[in-house]
Structure formats: C-alpha cells, structure tokens
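In each ligand, atom 1 is the first atom listed, and ligand 1 is the first ligand listed.
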Amino acid sequence: MVVAEKGKSEMGPEAINILMVEDEEAHAEAIRRAFRQTENNFNLTWVSSIHEAFDSLQKSVPDLVITDWLLPDGKGTDLLPSGKALFPIVLMTSHGNEKLAVEAIKAGAVDYAVKSPSMFAEVPHIAKRALRQWGLFTEGKRAVEKLRESEERFRTVFEQGPLGIHMAGLDYRLISCNSAFCYIVGYSDQELSELTFMDITYSEDVDADVEEARKLLAGKMPSYKMEKRLVRKQGGMVWIHSTRSIIRDTDGKPLYFLTMVEDISERKHTEHALKQTLSELTRSNADLEQFAYVASHDLQEPLRNVASCVQLLADGYKNKLGADADQLIHYAIDSVGRMKALINDLLTFSRIGTKGKPFEEIKCNEILEETLISLESAISATGAVISYDPLPVARADGTQLLQVFQNLISNAIKFRGDEPPKVHISAAKIGSEWIFSVNDSGIGIAQRHFDRIFIIFQRLNKRTEYEGTGMGLAIVKKIVERHRGRVWVESEVGVGSTFYFTIPNYSFALLA
Ligand code: ADP
C-alpha cells in the first residue's frame, strides 16, 4: 500500500519529501496526523513494507526516511544504503532497547525513537532534528571532501607541474621539493632536505634574497619575486625566476616558505647574447662613423689642392692645348666638384650621431622659414609654390631639423614634373608623436623603391637628369632616428610624393 499525502501549505520547491515505512496502520495514521498539524511544507509518502519502500526509493530519493525497525519482510536498517547515504533515516521501534539504539546508529541511522502516542506527536520535531543533523553532517562531510580535493589538486600541481616548487622552514631549511625543482638544481629531494635554500643560492645573490625573505617574514609584503642564480650539484649555475610567499596558520603565525621556481637560463643567455651583439654593433657603428669622419675630413684638403690646380689649369691653358685637353679639364673640374659634394655629405652624415646638439624646445615654424630662405634661389628659379600649416614646438636639434627640411624640400623641388612644383608642409599630433609631412606634386617614386631610397648613395635617376649624391635621404633618416622617430614615403609615379617623419611628443610622455 502506498499513500502519498501533501502538506497543508502549497507545495514549493523547498517541500520536504518524507518516506514513512510503517506496517501498523494506526501508528502510520498517528504520525500523519502529527505532520498534518505542523506548519511545515512536506510530502509524506507512506508504504507498509521494505519491498514497497525499495520500489519508492527507486523512483525518487526522499529527504528523510522514517521507518519501523521490524517489518514483515525485513528490518528498517535494510534501507540504509551500503555506500554513500543519500538520505537520513530515523528508526522507530516498539520497545526501548539500548543495544538496538546503538546498532541502529552504528548502521547509519541518524536517530532512534521508541513508539508511543506522545512519540508519534513528536515525529515532526524528530524529523526536523534529523534533517538538521543530516545537514550538519553532510556539510561537514562536504568540507572534508573539499579539503581532500584541494589537497589532491595541490599535490598534482606539486608533483607533476612544470614549475619547480619547494617548501622550506623559517630557518630556510628545505622541507619538501618537487621533482621539477630537483631537476633544475640536480639534487635529489633527500639531498635537498639536508640543505637550506640559501646553501644552493649563488653567493652574490644571497644577501638580496635574505633581505627580501626577512621582509616577507615580517609581514611587510605578501610575496616577492626575484631573478637569481642557483648553484647546481654538478657545478655551474642556473638562472631562475622565483616567487616566494609565506604560509601562515589561522592565527597568522608564519609556518613555512613556499617558493615557485622557473628556470630562465635560456632567456638569460639570449639576453646576454643580445646585449653583446648590441654592444658590438654600437662599437662597429662608432668605428664606421669615425672612419667616415676621418676619411671625409682628411680627404678634403688634398681635394681642395686638386680643385685649385685644375682650376688654375683651366684658367691658364684654356684654348691653348687643343679641344681635347679643354674637354678633359672640363671633366676634371666637374668630377672634383662632385667629389667635394660627396665628401661633404659623407662628413655631414658621419657627424649626425657624434656632433649633434642636445635637444631643446624648437619652434618648428621658425626652422621651416629659415629653410625656405636658404632655398630661395631654387624656389624662385623653378617657380615653386610652397605652403605650410602652423607647425608645433618640438624637442629637437634645431640645426638637424633644418637639414631634414632642407633635404626633403629641395628634393620636392628638384624631382618636379613639367609644371612648377607645389610643396606643402604640415604636422599632426598622433598619440605620443608629432607626424610631419612634406608633400609634393613631382615625378613620384615606384613603390618597390620606397625603402631603397633611404640607403646611402642610392639614387633612382641619372645624374644627367637630376643632380645629387644620393645622401640626402640617408641623412634625413639618420637625423630622424637620432630623435627616436621614423621616416617613410608614400608616393605615386607621375602624381607626387609625401615624405613623413615623426618626432616624439615629449609633453605627451610627461603627461602619461
Ligand atoms: P639625391 O637627392 O641626392 O639623389 P636623396 O637621398 O635625397 O639623394 O634621394 C634618393 C633618391 O630618392 C633620389 O635620387 C630620387 O630618385 C628619389 N627621391 C627623393 N625625393 C624624391 C621626391 N620628392 N620625388 C621623387 N623622387 C625622390
């Protein structure tokens, strides 16, 4: 017989489902009555045998089972699940018997009651108490399980993680080291347990580490990170990045140090190699600059002599040695002039890094106006129309900025098309930089040459068409890079070119 009864209040999600196993109808009725008189929201299902109880349990798991001890087809304790209990059980018996009570509790029942009319009236309270106890019991069990799980997780990370981990006492003695750490230092866990973590720290790094560990111990910081060297058992050093924290008990008393260790030797070696390459590069760059400077500087004097000799020859012997000789003298003068220009440009180039002036606040408009004055003859000879927007104040070397403008604007005029050149200069603030632009309406440059033109002596046109040494843009690039900027070109053949260069906006950097 299965009788289901709902509590008085509306069935909600929190309704308590109770399975009552009782073969005596009168007892069952007394208990049902007691439940009806409570304000609790419950569903009471009554079955009268173990067999029916099992059937009901198959269909759904109740929140509580209240069962008679002795039933026609078995004992109430038969309902106690052998493995994990999913519900609490309260056992009822007709006679008080201490041995039975102990047996019931041992079997897993949460409570035991002796049947009597007053007890039946009490069943709802007994049920509530059992549910409360069960709640505490399951909460406690869950907490232990959680602890075990988190311990398990930590153990997995400790044992199998790629990071070296060690725990050490407050005297720095190593208590436990995982295999990744043993691998890093080449010692066994056993060998390490005889050492402190300072014993395996490279002597030069010990003081810094001790100082930080003391601060950590004093509670001045939650953890600290450092890069340091460890000495391997086999000799040699390993660079590590260590993150150390301190584990405290619930009262905040320090228990031990927990340290995560990452082997960064490879990164350190790469950094070292990079530093070395950089310093070699800087040195060879300086050597080259020095060479270019000395060569161009020392070549000037003999060149001046050659130039004046050839000029004397031209002045004194013109029309006296025949047409061929005149032609040769003309070539010599022309070549000497070109050589002078090349050497001058080379000298300028080699001086950018070494002879530059310190940066100061420069009114770029004033520099541009000075540039235009210096280019006046080229401007009037070609009928060039130059326009410009207000330019900013920027931190730069004024003389070098003038050189940049001179080279870019003179190119814009020189590489003009059939029409008189139109040149426009402007500047815009983008993020942390000023971007300057020099736009022209000249012959333009094919995209494949965009990078090449900034290399020294690289020219795209014949000397007979356009004069030049091929140094102008290389000088621009070197000056802009000295100012920590970039230079590039956008252009279309037959339409014109725009050269861009940037200068960091230091006021932005200060604000940031
Ligand atoms: P140079 O002007 O002495 O030839 P640069 O280094 O100043 O040398 O320029 C390199 C080459 O880039 C030039 O020979 C020219 O072919 C090309 N170039 C530079 N500026 C312009 C421009 N505004 N328009 C077209 N081509 C240009």
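The aromatic rings of F415 and Y466 lie tilted to each other, with the angle between the two planes from 30° to 60°.
Residues F436 and Y500 keep their aromatic ring centres 6.0 Å or farther apart. In this structure, Y388 has its ring center no closer than 6.0 Å to that of H424.
Between K215 and E212, at least one side-chain N (NZ, or NE/NH1/NH2) sits under 4.0 Å from a carboxylate O, which counts as a salt bridge. Using a cut-off of 4.0 Å between Lys/Arg side-chain N and Asp/Glu carboxylate O, E481 and K477 are scored as salt-bridged.
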K228 vs D209, salt bridge (Lys or Arg N to Asp or Glu O under 4.0 Å): CA-CA, chis, key distance, verdict: CA-CA 8 Å; K228 65 170 199 174; D209 203 1; 2.4 Å; yes

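Residues with a heavy atom under 4.0 Å from ligand 1: N411, A412, K414, F415, D440, I443, G444, I445, I453, Q458, R459, L460, N461, G468, T469, G470, M471, G472, L473, S497, F499.
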